[in-house]
Number of protein chains: 2
Amino acid sequence: MKPKDLPIEQKIKYVQDTLYVISGKWKLPILLAMNFGARRFRDIQRAVPKITTKVLSKELKDLETNLLVIRTVYDTSPVTVEYTVSPYCKSLKPLVDEMILWGYNHRKKLITQP
Amino acid sequence: MKPKDLPIEQKIKYVQDTLYVISGKWKLPILLAMNFGARRFRDIQRAVPKITTKVLSKELKDLETNLLVIRTVYDTSPVTVEYTVSPYCKSLKPLVDEMILWGYNHRKKLITQP
DNA sequence: GATGCCAGTTACCTACAGGATACCAGCGAT
DNA sequence: ATCGCTGGTATCCTGTAGGTAACTGGCATC
């Protein structure tokens, strides 16, 4: 069964699932910062302006639950925690590119014909 | 200037713009109901289970602001109001298809390797 | 032994999306 | 006249995302 053949309510459900994973104020900025090299908790916090520890902590857990981020604890002293973007995370790229494109064109559209 | 060449903060902004337009509990179900033929306010309300008049009213205004829906008032007696999906709304299709696909695969992924 | 860094947690608070319910004016049918 | 349909508004309420600030335990440095 391919997604194309699904009943419409199922399609909406899958769209909602996708929205749930990537929406919110911080998910994409965090993934971005990590792509730019930030791996430690505090590094990510510094790389994402204005985010608080509580929110970062929660968002990282969400991202980990959704397999987009991998959390590794090294048994050093003190313990070192590393967050990395998973290979699976790359599967989001076509979607994110599509969203950038639509957002870009939409803004132009709203400006030219309000 | 193509979206590909934009600085990353701009890309995030466009993604947020896109999210703002299509996220929320009701926007897609409403567009769907309209695609299935509902045009009058009460028809749409009946076609979208559980939505309240207040929320439908607000969502239709948002969709109209974003040029996805066209509101036409006919000078009959009593007045008839028709909502239709705009041609521009079709530009969302690649994005929505991408979201259905990602959501579908993601759910499979979460089930097979939790 | 005091200070500071790391990786968070906890408790409390605010703003906003969305929900429940009631209501309005205008008209047509009974 | 009164009931019901239309296209909504107005009020009040709840739930959740996100924000503020303080705090913890372990280690390292001064």
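Convention: sequence-line order gives letters A, B, ...; per-chain numbering from 1.
The side chain of K25(B) contributes an N or O atom lying less than 4.0 Å from OP1 or OP2 of dG19(C). Here Y83(A) does not reach the OP1 or OP2 of dC6(C): none of its side-chain N or O atoms lies under 4.0 Å away. Side-chain nitrogen and oxygen atoms of S57(A) include at least one within less than 4.0 Å of the OP1 or OP2 phosphate oxygen of dT9(C). Under 4.0 angstrom from either OP1 or OP2 of dT6(D) there lies at least one side-chain N or O belonging to R46(B). Taking only side-chain nitrogens and oxygens, R71(B) comes nearer than 4.0 Å to OP1 or OP2 of dG8(D). Phosphate contact (OP1/OP2 of dG19(C), side-chain N/O of W26(B), threshold under 4.0 Å): present. One finds no side-chain N or O of Y20(B) lying less than 4.0 angstrom from the OP1 or OP2 phosphate oxygen of dC16(C). The phosphate of dT9(D) has OP1 or OP2 within less than 4.0 Å of a side-chain N or O from K61(B).
The distance from atom OH of Y74(A) to atom C1' of dC6(C) is 16 Å, rounded to the nearest whole Å. For the pair K58(A) NZ and dT9(C) P, the interatomic distance rounds to 13 Å; values are reported in whole Å. Atom CD1 in I51(B) sits roughly 11 Å away from atom P in dA20(C) (whole-Å rounding). Straight-line distance from the CG atom of D43(B) to the P atom of dT6(D): 7 Å, rounded to whole Å.
Evaluated for a side chain to side chain contact (heavy atoms under 4.5 Å, CB included) with L92(B), the options T18(B), L28(B), L68(B) yield exactly one hit, L68(B).
Electrostatic pairing of K93(B) and D97(B) counts as a salt bridge here, judged by a charged N lying under 4.0 Å from a carboxylate O. D62(A) and K58(A) are joined by a salt bridge, as a carboxylate oxygen and a charged side-chain nitrogen come within less than 4.0 angstrom of each other.
Among the protein residues, T53(B) comes within range of the nucleic acid bases, having at least one heavy atom under 4.0 Å from a base atom. When heavy atoms are screened at a 4.0 angstrom cut-off, T52(A) is found touching base atoms of the nucleic acid.
Listed for the S57(A) side chain is no donor-acceptor partner under 3.5 Å among the backbone atoms of T53(A).
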